[in-house]
Amino acid sequence: MVGRKGRELDLQALRALVRGRLGERFEPRHLWTIDELPRTPGGKPDKLALRSCGGDQPVAGLKAE
């Protein structure tokens, strides 16, 4: 997740929103926060760089179900 600067991200509300729209079956097990979305030199989201943004460590307080 990329949040807005200076705003707290309510992960439980986000999880409830996703569960409500997609159903419990498709709810992600882990959520991660990053400071900003990495970009390629052309300005597009850099999918390869996203893999190195702490993707192996879930946000504190969330556990896999």
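- Side chain of R15 to backbone of D10: no donor-acceptor contact under 3.5 angstrom is found.
- Across all their heavy atoms, P45 and T40 have their closest contact at O-CG2, 4.2 Å.
- Here the straight-line distance linking atom CD of E27 with atom CG of L14 works out to 9.5 Å at 0.5 Å rounding.
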